[in-house]
Amino acid sequence: MVQTVYPFGGDAAHSDPRQADKTITGGKGANLAEMASIGLPVPPGFTITTEECVSYLQHGAEFSDSLREAVSEAVGHIEKSVGKTFGDASDPMLVSVRSGARVSMPGMMDTVLNLGLNDETVEGLAKTSGDERFAWDSYRRFIQMYSDVVLGIDHGLFEEALEICKEDNGFYADTELSADDWKTLVGEFKGIVSSELNEPFPQDVFHQLWGAIRAVFDSWDSDRAKVYRRLNDIPGDWGTAVNVQAMVFGNMGDTSATGVAFTRDPATGERAYYGEYLINAQGEDVVAGIRTPQYLTKAAREAAGAKPLSMEEAMPEAYTELAHVFDLLEAHYKDMQDIEFTVERGKLWMLQTRSGKRTAKAALKMAVDMEGEGLITREEAVRRVDPMALDQLLHPTLDPDAERNILGAGLPASPGAAAGKIVLDADTAEQWVERGDKVILVRVETSPEDIHGMHAAQGILTARGGMTSHAAVVARGMGRPCVSGASAVSINLSSRTLKIGRQDLKEGDEITLDGANGQIMLGIVPTVEPELAGDFGTLMVWADALRRMKVRTNAETPADCKMARQFGAEGIGLCRTEHMFFDASRIKAVRQMILAEEDAGRRAALDILLPEQRADFTAIFEVMAGLPCTIRLLDPPLHEFLPTQDAEFEELADVTGLGVDHLKRRADELHEFNPMLGHRGCRLGITFPEIYEMQARAIFEAVCDVKASSGEAPLPEIMIPLVATQKELAILKALVDRVAEEVFTEKGTRLDYLVGTMIELPRAALMADKIAEEGEFFSFGTNDLTQTTLGVSRDDSAKFLAPYVEKGIFARDPFVSLDVEGVGQLVELAAERGRATRPDIKLGICGEHGGDPASIAFCEKVGLDYVSASPYRVPIARLAAAQAALK
Ligand code: ADP
Ligand code: MG
Ligand code: MG
């Protein structure tokens with residue numbers, strides 16, 4: 001029978017490989033067992049497997065008999081290890097109940113601490129601890145947490161009761177409440193529960209335990225969890241594990257504490273212990289922002305100019321042990337760890353470790369440093385950095401020379417510059433972004449309910465919370481700039497106004513955040529382009545040495561080409577010539593060409609366009625000399641270029657000498673019911689060969705000119721779009737070859753070029769062996785290939801694709817990440833058939849997918865020669881291609 005529960009700590013065996021498997025025991029459970037197995041001090045406990053969660057949810061929220069048995073046995077394991085009994089009135093064992101999915105997942109149930117307390121055991125705890133105040137404080141915390149996360153009672157009710165008690169007594173901090181005050185509050189809290197639920201707070205400890213386990217399982221299907229899974233591409237069928245663990249207490253007076261720490265600085269990657277702790281506190285007090293946490297190290301405290309003693313100074317022995325544990329953990333996991341710990345009366349206990357979330361900058365620095373330290377190999381360093389995270393570094397930062405009207409500052413919780421309109425809640429953030437605004441989400445503090453708004457926002461500003469607060473951790477994970485704990489911010493939600501420092505502001509006003517130093521500025525501060533040297537450069541050199549595929553860019557302006565080359569592009573994978581047609585100076589000639597009724601009129605317009613197109617290509621080729629450049633001949637339906645406004649028609653009438661009515665009629669004739677499948681792509685070249693002739697001539701003349709002036713030419717690869725048949729390509733290739741011949745004869749020179757096609761129709765993929773008889777290269781146009789294979793129009797898909805992804809019909813949006821299973825088959829088949837005819841055929845991808853790591857991994861598997869991505873995505877593609885080659 002499959003084991004459903006795994007004990008850890010105490011004298012547990014930790015020998016079953018399933019216990020070390022995060023897919024079975026979750027991240028938290030697997031790491032607790034692993035820490036215990038290498039001899040670190042972990043309070044004993046047990047993990048219920050993710051499989052049990054899945055089976056519970058499938059079986060109508062029923063626990064299996066085997067689970068019930070295994071849990072009672074495992075409770076015995078904890079009891080034996082700590083020498084106390086669960087529910088024992090004289091010396092009770094208490095536990096925490098913690099969720100723990102495969103990957104850390106905000107949205108899952110919050111931890112319940114001190115479970116096992118009731119009206120009787122609280123007295124026992126008071127006696128054994130010799131601290132009545134502590135016992136009753138623990139009990140009220142338990143009632144509060146359990147009621148909130150398990151019983152679903154609004155936590156505000158309890159907070160209100162506490163506030164009233166403090167006000168009545170003139171207290172400022174929780175620490176001022178005495179044992180009797182807490183006792184009174186416990187009575188009130190229980191009253192709240194009975195009046196909300198019409199039944200008393202559960203006193204039976206096993207009833208409490210099963211209630212909490214049920215709540216963890218149920219939270220897997222909560223709305224919060226679902227939103228998070230959707231945003232992070234986490235499948236719905238993983239389930240979560242449950243960890244039940246003996247309590248240790250950080251709230252047993254001044255020799256006790258609780259804290260969180262990173263073995264290296266998660267914002268910069270610097271090799272320095274980094275963290276926060278609170279004396280005489282429990283659980284999430286550190287991250288909740290109720291009290292301001294203190295620094296871990298003396299150096300950090302001094303650097304911040306803070307007074308309250310660091311842990312290094314206040315608890316030197318526990319600190320030394322903690323530092324030793326940090327080193328052991330890094331050596332063991334060979335990665336930066338994010339740690340939670342508690343000190344109970346001077347004794348250190350480890351409550352969690354995991355690979356720490358980090359900014360892209362820190363990820364790069366750590367990968368490069370750890371390679372230097374001999375901790376990891378170069379390949380591992382390349383594998384370590386998430387290609388998508390590079391995005392953070394490739395975007396602009398605040399111009400150091402720009403003027404800054406600084407309103408105040410908070411903690412530099414997540415780096416980068418962000419500017420936008422102030423919004424005060426997550427829903428507003430999402431709505432404003434949908435209508436095209438850029439926003440900064442400003443909150444007192446954030447919670448998992450705010451995730452969608454944080455995602456929509458450019459940046460996040462909170463009034464409360466430290467560097468390890470919810471806002472800080474989530475923002476770093478998402479790559480959003482964040483300033484947290486800015487006490488200068490005060491928000492008035494009812495009037496939708498706020499004050500930052502002395503400045504009065506309202507929702508909608510613009511501010512800028514600098515996540516690198518925590519500054520908050522009035523208005524929009526200008527930005528500068530990123531610097532790509534240092535660790536970034538080092539890692540890219542390593543990645544380039546490991547990858548097989550080339551990386552090109554999709555670009556059609558010299559500026560984009562320059563940028564892409566700086567980012568390491570090795571050619572152009574897609575130059576869309578129609579973008580050049582939209583230019584204000586030529587649109588008139590383009591319209592003239594389209595609306596002409598005879599060849600003569602069309603040729604006259606094309607004569608105007610020829611020198612313009614040649615100039616475009618010359619400018620691009622100058623930047624791309626020596627590199628391959630795939631240029632796609634005109635592709636979109638002609639009517640996209642047509643005038644729509646009366647004024648535009650009138651202007652055109654002047655130029656052409658044709659009447660406005662006549663022009664409008666002609667425009668009507670060009671209207672199509674389904675332009676995506678209409679008169680476009682090579683169909684234009686077949687029906688109006690003079691357009692492609694003009695474009696081919698412009699390309700060849702430009703190549704010759706650049707070769708003559710600079711000595712080096714690019715390799716033009718002329719791409720015929722939307723081909724379905726061999727014949728289409730044969731006709732148009734002959735046209736291109738003829739024009740090339742003419743130009744070469746005129747110029748008295750002869751340069752290399754290729755003619756090929758985009759594979760973007762299923763028929764083209766199927767006929768690839770025939771099409772390869774003509775085409776010298778294939779470029780997979782996976783945007784259109786996805787549209788035509790799925791029969792889904794991308795621009796109309798927004799309405800239904802999100803629900804499709806939510807329901808798991810597609811794992812990811814097929815326009816973002818290639819549908820490998822379906823569309824991928826056509827790519828694979830076309831590659832095979834193309835190579836069968838022409839073994840050296842060049843193969844690449846030029847859809848949006850060329851910048852998506854998962855799709856890039858597929859391209860490597862199929863053996864494509866290159867991928868092509870937009871300029872900013874080129875470094876992402878370089879790293880992803882290296883990772884794909886390492887797989
Ligand atoms: P999260 O996944 O949100 O970090 P955790 O399960 O790690 O939730 O619990 C949050 C905090 O609760 C921990 O960091 C720790 O401080 C406290 N905690 C959890 N279990 C125990 C325990 N057995 N004894 C003492 N504190 C605990
Ligand atoms: Mg939590
Ligand atoms: Mg935790």
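Atoms within a ligand are numbered from 1 in the order they appear, just like the ligands themselves. Just the heavy atoms: all of them, side chains too, but no hydrogens, waters or symmetry mates, feed the values below.
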Tell me the contacting part of Val248 for ligand 1: side chain, backbone, both, or neither, using a 4.0 Å heavy-atom threshold, strictly below.
both
Is Ser104 touching ligand 1 with its side chain, its backbone, both, or neither, if touching means heavy atoms under 4.0 Å apart?
neither
So which pairs with a foot in residues 20-42 pass salt bridge (Lys or Arg N to Asp or Glu O under 4.0 Å), sequence neighbours left out?
none
Angle at the Mg ion (ligand 3), OE1 of Gln352 to OE2 of Glu340, rounded to 10 degrees, please.
100°
For atom 5 (P) of ligand 1, which candidate among Val244, Thr111, Val95 provides the closest heavy atom?
Thr111
Taking only non-hydrogen atoms of Lys28 and a 4.0 Å limit, the atoms of ligand 1 in range are 1 (P), 2 (O), 5 (P), 6 (O), 7 (O), 8 (O)
Tell me, please: is Pro43 in heavy-atom contact with ligand 1, that is, under 4.0 Å?
no
Is atom NE2 of His324 surrounded by more than 12 heavy atoms (other residues, nucleotides or ligands) closer than 6.0 Å?
no
Within the 4.0 Å heavy-atom cut-off, what Glu340 brings close to ligand 1 is side chain
With Asp338 as reference, evaluate Arg354, Arg358, Arg264 under the salt bridge (Lys or Arg N to Asp or Glu O under 4.0 Å) test and give the passing residue.
Arg354
Any heavy atom of Met108 sitting closer than 4.0 Å to ligand 1?
no
State whether Trp182 and Arg141 meet the cation-pi test: NZ (Lys) or CZ (Arg) under 6.0 Å from the six-membered ring centroid, and within 45° of the perpendicular axis.
no
Just to be sure I read this right, does ligand 1 sit under 4.0 Å from the backbone of Leu113, its side chain, both, or neither, counting only heavy atoms?
side chain
